[in-house]
Amino acid sequence: MDATTAEWLLGPEGQQALGVASAEADPGSVGAAERLRRHWAPEQAAAALGLVALRRRGAAKLGALADELYLTPVGLEQATRPAVSQWRASELAAAGVTSVLDLGCGLGLDALAMRRAGLTVRGVEIDEVTALFAQANTGMEVRVGSAEELAPTLLGPGEAVFVDPARRGDRGRSWRLEDLRPSWDFVTGLMADDRPVVVKLGPGLAHRDLPSGVRAVWVDHGGEVVELSLWSGLWAPGRIAVVMDQGVHTLECLSSKDNVSLGSSVGPELTLSSLTLSTGWFLYEPSGAVIRAGGLGVLAAQLEARPLQEGIAYLAAARAVATPFATAFEVQEVLPWSEKALRGWVREHRVGTLEIKKRGIDIDPAVLRKRLKPSGPNRATVVLTPTAAGAKALIVQRVAP
């Protein structure tokens, strides 16, 4: 879509076309395209139908908000989930931030959350169509151009910066630092200033690439680690895990007082001591945010738990402790890991629905499930893991939160 078509879509005639497109059961069908082309040019009909299709697809990620937004395929892919945007906006407001320059604002979903939290926000976006849509989505001023060129002329004294670098190279989505736009050097230069800066990144950034002196926050939403954000200027350095599940839960995994380099790959060490895992024990599967933040030691202390094996992110404890930072399972049986033995167990217990979880065992759960040939009315969960006493197949049952 070009800028001329985007401006048309935002105007009165485009709104009429959107209304007609919204009534189509399948906006991607040939029939829908033919019906809209009776009244509008092919590129205009395609724009209206494409937006309706994106809004329907975006409902899974954005909820009811998707129906109000102007979207692009790339913008939807990179858009922040509303709950995460709202959390970030509330953190900025709580820190006393009042004005934000959003560099690389995309479709403006983070800016929208910040404005709803009472902050003044201006945007910068290099793509003209995306900038038009961001302005329509938020009502804020959006300047078209590169962040590197415009930021020095736009930033006010003490104004906060939010930056979500585009993570796409010539071959599509990329996690390489050299593919970030604006550039990683520009982003780290912003964080070297005294002003408040928040950077949204993909959760897979290597610990060695974390700048020094920043607060690194991994966010788990709905059981999925969705982002890493870096906070500087107003926030003490550290590593934090945030879990969003019927509320927002924060675990401080490393802080400045720990005197640990934030570029280090490990957090507080776990005490690995021999344990005899048996029926009635509890197995904890930590949130991915806790694992990435190096928080296994902190979490283990809270749960009075120990690791099953060095380097394996499962914890075991003699009693269950409620926590939002891990899923708890009660151990019902402990079997030596053997495909033949597990197949016999599945057959004997008439298990037709089998969930397989694993860490540290080189096997594809989907392939293994097929070979185990589950059949019957019962359900089971098995965890394959190394332990201090050798590889085990643990038959477990989830503990209610």
Side-chain angles (χ1 to χ4, degrees), residues 203 220-226 241 243 245-246 270-292 295-297 299-300 302-401:
D220 178 323
H221 179 262
E224 179 184 358
V225 186
V226 294
V243 174
D245 182 14
Q246 298 182 346
L270 291 163
T271 301
L272 180 64
S273 56
S274 61
L275 56 83
T276 303
L277 192 63
S278 60
T279 302
W281 275 65
F282 294 89
L283 181 76
Y284 291 95
E285 182 181 43
S287 157
V290 174
I291 296 170
R292 290 178 185 268
L296 289 180
L299 182 60
Q302 289 187 359
L303 300 175
E304 299 180 1
R306 288 173 284 172
L308 292 179
Q309 177 70 296
E310 184 176 2
I312 301 299
Y314 284 131
L315 303 173
R319 66 188 186 94
V321 177
T323 177
F325 302 111
T327 302
F329 300 86
E330 184 175 3
V331 178
Q332 297 179 318
E333 292 189 52
V334 180
L335 309 174
W337 160 230
S338 156
E339 184 175 327
K340 181 179 179 181
L342 187 56
R343 186 184 300 111
W345 187 92
V346 169
R347 183 175 59 250
E348 178 186 349
H349 290 81
R350 302 178 65 206
V351 173
T353 303
L354 181 64
E355 178 185 25
I356 302 174
K357 306 176 78 66
K358 65 100 179 182
R359 280 186 179 149
I361 301 289
D362 186 17
I363 196 165
D364 184 333
V367 173
L368 175 61
R369 184 182 300 105
K370 200 170 189 179
R371 293 205 299 253
L372 293 176
K373 300 178 181 178
S375 177
N378 298 320
R379 307 171 64 93
T381 298
V382 61
V383 177
L384 307 178
T385 178
T387 74
K392 301 293 183 183
L394 308 178
I395 311 301
V396 301
Q397 183 174 19
R398 275 180 172 77
V399 176

If we ignore hydrogens and angles and just use 3.5 Å, is the side chain of [X] paired with the main-chain N or O of [Y] as donor and acceptor?
X	Y	value
Arg398	Thr327	no
Ser375	Gly352	no
Tyr314	Thr387	no
Asn378	His349	yes
Arg343	Arg371	yes

Exercise: identify the closest heavy-atom pair between [X] and [Y]:
X	Y	answer
Glu339	Leu372	O-CD2, 3.8 Å
Leu299	Ala326	CD2-CB, 4.1 Å
Pro374	Val346	CA-CG1, 3.8 Å
Val225	Ala289	CG2-N, 3.4 Å
Ile361	Thr385	CG1-N, 3.8 Å
Tyr284	Ala328	CE2-CB, 3.7 Å

Any side-chain heavy-atom pair of [X] and [Y] under 4.5 Å:
X	Y	result
Thr381	Lys357	yes
Ile363	Ile356	no
Arg359	Gln309	no
Trp345	Val351	yes
Gln397	Phe329	no
Asp245	Pro324	no
Leu308	Pro386	no

In Å and rounded to the nearest 0.5 Å, what is the [atom1] to [atom2] distance from [X] to [Y]?
X	Y	atom1	atom2	answer
Arg319	Leu303	CZ	CG	9.0 Å
Glu285	Leu315	CD	CG	10.5 Å
Thr279	Glu333	OG1	CD	6.5 Å
Leu384	Leu335	CG	CG	10.0 Å
Asp364	Arg369	CG	CZ	9.0 Å
Lys373	Leu354	NZ	CG	14.5 Å

Exercise. Just jot down the ring pair (Phe, Tyr, Trp, His ring centres under 6.0 Å) partners of Trp337, sequence neighbours excluded, or say none.
Key: none
